[in-house]
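A quick note: this is a predicted structure, and the numbers were derived from the prediction, not measured.
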Amino acid sequence: MAMSSILNADDIKKALDAFAVADSFDHKKFFEMVGLKAKSSDDVKKVFTVLDADNSGFIEEEELKFVLKGFAKDGRDLTDKETKTFLKAADKDGDGKIGVDEFAALVKE
């Protein structure tokens with residue numbers, strides 16, 4: 001499933017452009033800019049499944065690095081610092097990965 005079938009392609013492009021510079025990524029602003037924050041919990045879960053590249057039911061640190069590519073092929077990789085900050089913000093149970101409920105809670109923050 002393409003992210004553009006869930007979210008507006010123009011919104012995705014604007015959000016990716018806003019965070020094109022390394023170490024500028026802010027998940028709260030990004031989720032708001034792409035319109036994910038206003039979406040239903042079903043749509044948030046669909047976005048999670050797109051980002052869960054290996055279909056493990058979790059977004060692991062390695063997948064997080066490529067999260068922007070999940071929104072558009074030309075998205076940049078997150079830096080190690082951004083990846084760790086993102087993981088820390090979402091991983092509430094401390095298992096080192098993000099489950100669907102943790103992701104949904106992070107989006108709605």
Got V47 and M3 here, is their nearest side-chain heavy-atom distance under 4.5 Å? yes

Validation: residues 95-108 side-chain donor-acceptor distances under 3.5 Å, sequence neighbours left out:
residue : atom : partner : partner atom : Å
D95     : OD1  : K97     : N            : 3.1
E102    : OE1  : G99     : N            : 2.8
E102    : OE2  : K92     : N            : 2.9
E102    : OE2  : D93     : N            : 3.1
K108    : NZ   : K37     : O            : 2.9
K108    : NZ   : K39     : O            : 2.5

Side-chain heavy-atom pair F25, K29 within 4.5 angstrom cut-off: no

Test of understanding: with side-chain contact (heavy atoms from CB on, under 4.5 Å), list the residues that count as partners of T49, not counting sequence neighbours. none

D74: what forms a side-chain contact (heavy atoms from CB on, under 4.5 Å) with it, not counting sequence neighbours? L16, A72

Going by atom type alone, with no hydrogens or angles, which donor-acceptor pairs under 3.5 Å involve a side-chain atom of residues 51-60 and a protein atom two or more places apart or on another chain?
residue : atom : partner : partner atom : Å
D52     : OD1  : N55     : N            : 3.4
D52     : OD1  : S56     : N            : 3.2
D52     : OD1  : S56     : OG           : 3.4
D52     : OD2  : S56     : N            : 3.1
D52     : OD2  : G57     : N            : 2.7
D54     : OD1  : S56     : N            : 3.1
D54     : OD1  : S56     : OG           : 3.0
S56     : OG   : F58     : N            : 3.2
S56     : OG   : F58     : O            : 3.1
S56     : OG   : E60     : OE2          : 2.9

Can you name the closest pair of heavy atoms from A2 and S5 and give their distance? O-OG, 2.6 Å

For D17, salt bridge (Lys or Arg N to Asp or Glu O under 4.0 Å) partners two or more places apart: K13

From D43 CG over to L36 CG, what is the distance, rounded to the nearest 0.5 angstrom? 8.0 Å

Which heavy atom in S24 sits nearest to a heavy atom in A18, and how many Å separate them? OG-O, 4.3 Å

If a pair satisfies side chain to side chain donor-acceptor pair (under 3.5 Å) and one of its residues is in residues 77-89, list it, with sequence neighbours excluded. D23-T79, E61-K84, K65-D80, K69-D77, R76-E82, T79-E82

Between CE of M33 and NZ of K14, what distance do you get to the nearest 0.5 Å? 8.5 Å

A15 and V34: which non-hydrogen atoms are nearest, and at how many Å? CB-CG1, 3.4 Å

Group every Ile, Leu, Val, Met, Phe, Trp and Tyr by side-chain heavy-atom contacts under 4.5 Å, then state whether I6 and F66 land in the same group. no

Between CZ of F86 and CZ of F30, what distance do you get to the nearest 0.5 Å? 8.5 Å

